[in-house]
Structure formats: structure tokens, C-alpha cells
Amino acid sequence: MANLLETWSLDREIVLVKLLDHPRDKVFAAWTNPKALAEWYGPSGLSIESHEADIREGGTWRFDMVGIFEGKEQRFPNLMRFLEIVPNERIVMDYGTPDPDDPERFRMTVTFDEQADGKTVLTMRQLHPSRKRRQVVIGFGAVGYGLQTLDGLAAWLDA
């Protein structure tokens, strides 16, 4: 699995891009401040409950996405392992469930590129373990959910 995430392949990739009306240091800080991250991260209609937030290279963020579906609370356990953090430039993480052998874990790279006008282009690249898994996550709406997450970041930054 680790080798699959070391070799980038376009047929396993999902790329989301958002132009944000804020300087990249502010956008980067929203990704590295645990309190801020829990306020804006995740798709619309879900809240974040953090259990552990050690956002540094080698650290982890363990959290649940929580929502009400058909009148019942549902929790979706998540775990990010931070592999590389280059201030104001890039964050690389493995993302999946808290299961250390999660076969659906994927690599996510977030880059922060500041434009001459002070706005920031945020690019979020996901590399899935297989072409089939990429198709599955696209099928259940991961692209739309990812865009909702980036919209949440924009709204949080604007507040």
C-alpha cells in the first residue's frame, strides 16, 4: 500500500482547486490551527469532533465527522497522519480511518500558491490506492463533498 501512494498516477488522482480572497499565510494557518480546522473542515451538514489534534510533521489529527441522517446521529471516524508540512507552501498527509491497516487510505497533498493580487490558489490533490477506489469515492460524491469543504474554508476565512 505504501508503495502505491509513493507513485503518482493520474488514473488514481482527484484534484480540487479553490481561489481564496486571502493571503496564503492566513489560508495555511486555517489548516494548521486545530481549533480553526475543526470549525470549517468537512462537508456541509457535518460537524467535526476532534479527539486528538497534533498538527505537525509526524503528528495526527483524529476526529469524527458527525451528522444526523434519517433522524439518527452518525459518526464517521477519520485520521490524518501529517507526513510533510512546509509553512505557507504545502501539507502532505495520509488520510483514512483510525484503522492502521485501512486499505482505503489515500495520500492528500494541499498546496498554497499566492497570486500577485494577494489571493491564494489552494490545490488539494488526492491519490487513491487504486483506480477502482478512485471511481468508488467519485461515485459516492467525494468531489462534491471536497468542494463543500473548500467552500467552508472560504466562508470561515471571510467571517
* Pairing residues for K26 by the salt bridge (charged side-chain N to carboxylate O under 4.0 Å, His left out) criterion, not counting sequence neighbours -> none
* To do: State whether the side chain of N78 and the backbone N or O of D64 hold a donor-acceptor pair below 3.5 Å, judged by distance alone.
  => no
* Short question: side chain of E84, backbone of I91 - any donor-acceptor pair under 3.5 Å? -> no
* Asked: Sequence neighbours excluded, which residues qualify as salt bridge (charged side-chain N to carboxylate O under 4.0 Å, His left out) partners of E89?
  -> none
* Asked: Is the closest basic N to carboxylate O distance between R125 and E13 below 4.0 Å?
  -> yes
* Asked: Passes ring pair (Phe, Tyr, Trp, His ring centres under 6.0 Å), W61 versus W31? Steps please.
  -> CA-CA 11 Å; W61 181 31; W31 279 85; 8.7 Å; no
* Asked: CZ/F82 to CG/D54 distance, rounded to the nearest 0.5 angstrom?
  -> 8.5 Å
* What distance do R105 atom CZ and L127 atom CG have between them, rounded to the nearest 0.5 Å? -> 11.0 Å
* Asked: Charged N to carboxylate O under 4.0 angstrom, D151 versus K18?
  -> yes
* To do: Would you confirm whether R81, through its side chain, and M93, through its main-chain N or O, come within 3.5 Å as a donor-acceptor pair?
  => no
* Asked: Closest heavy-atom contact between P129 and P103?
  -> CG-O, 3.5 Å
* Asked: Which atom pair, heavy atoms only, marks the closest approach of A154 to L20?
  -> CB-CD2, 3.6 Å
* Asked: Taking atom CZ of R131 as the centre, does the number of heavy atoms from other residues, nucleotides or ligands within less than 6.0 Å exceed 12?
  -> no
* Asked: Out of curiosity, does I138 fall in the hydrophobic cluster containing M124 (side-chain heavy atoms, cut-off under 4.5 Å, transitive links)?
  -> yes
* Does a donor on one side chain sit under 3.5 Å from an acceptor on the other, for Q115 and T120? -> no
* Would you find a donor on one side and an acceptor on the other, under 3.5 Å apart, between the side chain of R24 and the backbone of N88? -> yes
* Asked: Looking only at heavy atoms, which two atoms of N33 and I55 are closest? And how far apart?
  -> C-CD1, 4.5 Å
